[in-house]
There are 2 protein chains.
Amino acid sequence: MKIDDVATKFEALGNPTRLKIYRALVRAGEAGTPVGRLQERLKIAPSTLSHHLKTLVTAGLIRQVREATTLNCHANYDVMRGLMDFMVAECCADAVESKDTKSAA
Amino acid sequence: MKIDDVATKFEALGNPTRLKIYRALVRAGEAGTPVGRLQERLKIAPSTLSHHLKTLVTAGLIRQVREATTLNCHANYDVMRGLMDFMVAECCADAVESKDTKSAA
DNA sequence: TCGATCATTCTAGTCTGATCGAATTATCAA
DNA sequence: TTGATAATTCGATCAGACTAGAATGATCGA
C-alpha cells in the first residue's frame with residue numbers, strides 16, 4: 001500500500017463520526033448493517049451519514065451491497081489488515097526492536 | 001483510549017506530509033531526528049514543517065526534546081501501540097473470527 | 001401505476017486545515 | 001554583546017471538509 005493511500009484511509013478514519021460508523025460496521029461482522037440502522041443508532045442526519053459513507057467507500061474501507069430496498073454496509077477487513085501491516089512493517093520495525101531492547105534492559 | 005482521541009490521532013496521520021514525517025521519525029528509532037534534518041530530507045518549508053510537528057505533538061504521536069540549538073523529535077511508540085490495540089481490540093475481534101471462519105471454509 | 005420507504009444528491013453556509021514568506025524567539029560560539 | 005544558526009509564530013490566502021434541509025432517484029407492495 002502506497003503512503004498516500006494509507007494517508008487517505010487514516011484521514012477517512014480521522015473524523016469522529018466516521019470512526020464511529022466504521023467501528024459499528026466492523027463490529028457488525030459479516031452480516032453488515034443497513035444504512036437506516038446506522039442512522040437510527042448513531043443519530044446522524046441521513047444526508048450527513050450518506051456523505052460519510054461515501055468517503056469510507058471511496059477510501060476502500062467499506063463496501064455497500066444492495067439488498068432489496070436497503071443498502072447493506074460491510075467493513076473491508078482486508079483493507080484494515082493492510083493498514084495494520086503498514087503500521088507494523090513500514091513503520092514499526094525499528095520501533096519494536098528498540099522497545100524490546102529497552103524492555104529487556 | 002477514547003474514540004475521539006483515536007480519531008484525533010488518525011486525523012493527524014491522515015495528511016500525507018505528516019504521515020511521511022511520522023514514518024521518518026518512527027524509522028529513526030530511539031535516536032530521533034532533529035527538525036532541521038527532517039526539513040532537508042522532506043523538502044518542506046520550515047513554517048509548514050513546524051505546523052505539522054505541532055499537530056503531531058498535540059495528538060501525542062511524537063515528542064520533542066531540546067538538545068542545545070536543535071530540537072530532536074521522537075515517535076511515541078506507546079501511542080502507536082495504543083492505536084494498534086484499538087484497531088485490534090475495539091474493532092477487529094469479530095473481524096478476525098469471521099476471517100478465520102472464511103479461510104477455513 | 002400509486003404510494004411508501006430507503007437512501008442519495010444538490011445546494012448552501014460555516015469552519016477548519018494546508019501552505020508559505022516574513023518576522024520573531026531561542027541558543028550558543030566568539 | 002554580537003553574530004550565526006535553529007526553529008517557531010504571525011499573517012494571509014486558498015482549498016476542502018462538515019453539516020443539514022430540500023429535492024431527487026430507487027425499490028417494492030398493493
Side-chain angles (χ1 to χ4, degrees), chain A residues 3-25 28 31-76, chain B residues 3-25 28 31-76:
Chain A
I3 194 162
D4 281 1
D5 294 330
V6 175
T8 298
K9 287 165 178 51
F10 278 147
E11 186 182 21
L13 295 176
N15 174 276
T17 301
R18 272 197 303 270
L19 186 56
K20 283 165 193 163
I21 294 169
Y22 182 71
R23 184 175 61 167
L25 291 180
T33 307
V35 175
R37 180 177 293 245
L38 285 172
Q39 200 264 311
E40 287 171 5
R41 299 231 306 238
L42 301 177
K43 312 288 187 196
I44 317 170
S47 59
T48 302
L49 175 57
S50 201
H51 167 71
H52 284 311
L53 286 173
K54 190 176 185 179
T55 301
L56 289 169
V57 169
T58 301
L61 287 164
I62 69 170
R63 66 185 187 285
Q64 295 178 302
V65 179
R66 171 126 253 151
E67 292 176 11
T69 54
T70 68
L71 249 193
N72 212 16
C73 306
H74 304 263
N76 279 340
Chain B
I3 195 162
D4 282 1
D5 294 330
V6 175
T8 299
K9 287 166 179 50
F10 278 147
E11 186 181 22
L13 295 175
N15 174 276
T17 302
R18 272 197 304 270
L19 186 56
K20 283 165 194 162
I21 294 169
Y22 182 71
R23 184 175 62 168
L25 290 180
T33 307
V35 174
R37 181 177 293 244
L38 285 172
Q39 200 265 313
E40 287 171 5
R41 300 229 307 238
L42 301 177
K43 313 288 187 193
I44 316 170
S47 58
T48 302
L49 175 57
S50 202
H51 168 72
H52 285 311
L53 286 173
K54 190 175 184 178
T55 301
L56 289 168
V57 168
T58 301
L61 288 163
I62 69 170
R63 65 186 187 284
Q64 295 179 302
V65 179
R66 170 127 253 151
E67 292 177 10
T69 55
T70 68
L71 249 193
N72 213 16
C73 305
H74 306 264
N76 279 341

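Throughout, protein chains are lettered first and strands after them, A, B, ... in sequence-line order, and every chain is numbered starting at 1.
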Evaluate A/Leu38 against A/Ile21 for side-chain contact (heavy atoms from CB on, under 4.5 Å), listing each step before the verdict. CA-CA 7 Å; A/Leu38 285 172; A/Ile21 294 169; 4.2 Å; yes
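One can place CZ of A/Phe10 at 19 Å from C1' of C/dG17, the figure rounded to the nearest angstrom. Going from atom NE2 of B/His52 over to atom P of D/dA7 covers 17 Å, rounded to whole Å. If you take CZ of A/Arg66 and C1' of C/dA7, they are 7 Å apart, rounded to a whole angstrom. In this structure, the CG atom of B/Leu53 is 16 Å from the P atom of C/dG17, given to the nearest Å. Regarding B/Leu38, its CG atom lies at a distance of 15 Å from the C1' atom of D/dT8, rounded to whole Å. Taking atom CG of B/Asn72 as the reference point, atom C1' of C/dT27 lies 15 Å away to the nearest angstrom. Straight-line distance from the CG atom of B/Leu19 to the C1' atom of C/dA18: 16 Å, rounded to whole Å. The nearest whole Å value for the distance from the CG atom in B/Leu13 to the P atom in C/dG17 is 15 Å.
The main-chain N or O of A/Lys20 is never found under 3.5 Å from a side-chain atom of A/Arg18 such that the two would form a donor-acceptor pair. Counting only distance, with no hydrogens or angles, the side chain of A/Ser50 and the backbone of A/Pro46 share no donor-acceptor pair below 3.5 Å.
Using a 4.0 Å cut-off, no side-chain N or O of A/Asn15 falls inside it from OP1 or OP2 of D/dA17. For the OP1/OP2 pair of D/dA6 and a distance below 4.0 Å, the side-chain nitrogens and oxygens of B/Thr70 include no atom meeting the criterion.
Heavy atoms of B/Thr17 sit under 4.0 angstrom from primed sugar atoms or phosphate atoms, though from no base atom. If you check every strand for non-hydrogen atoms under 4.0 Å, A/Arg18 touches sugar and phosphate atoms only. Using a 4.0 Å heavy-atom cutoff across all strands shown, B/Gln64 reaches sugar-phosphate atoms only and no base atom. Residue contacts shown for B/Ser50 include a base, since a base heavy atom lies under 4.0 Å away. Across all strands shown, A/His51 has heavy atoms under 4.0 Å from base atoms, whether or not it also approaches the sugar-phosphate.
Rounding to the nearest 0.5 angstrom, the gap separating the CZ atom in A/Arg37 from the CG atom in A/Leu42 is 11.5 Å. In this structure, CD on B/Gln64 lies 10.5 Å from NZ on B/Lys54, to the nearest 0.5 angstrom. The CZ atom of B/Arg23 sits 12.5 Å away from the CG atom of B/Leu13 when rounded to the nearest 0.5 Å.
The side chain of A/Leu71 lies closest to C/dT8, out of C/dT27, C/dC6, C/dT8. Minimum atom distance to the side chain of B/Lys54 is reached by D/dT9, of the listed D/dT9, C/dA7, D/dT19.
Mapped onto DNA chain D by nearest heavy atom, A/Thr69 and A/Ala45 fall at different nucleotides, with A/Ala45 at the one closer to the 5' end. Looking at which nucleotide of DNA chain D each of A/Thr55 and A/Ala68 is closest to, the 5′-most match is held by A/Thr55.
D/dA30: Watson-Crick or G-U partner is C/dT1, with both key distances under 3.5 Å.
Evaluation of atom-type donor-acceptor distances gives a pair under 3.5 Å for the side chain of A/Ser47 against the base of D/dA20.
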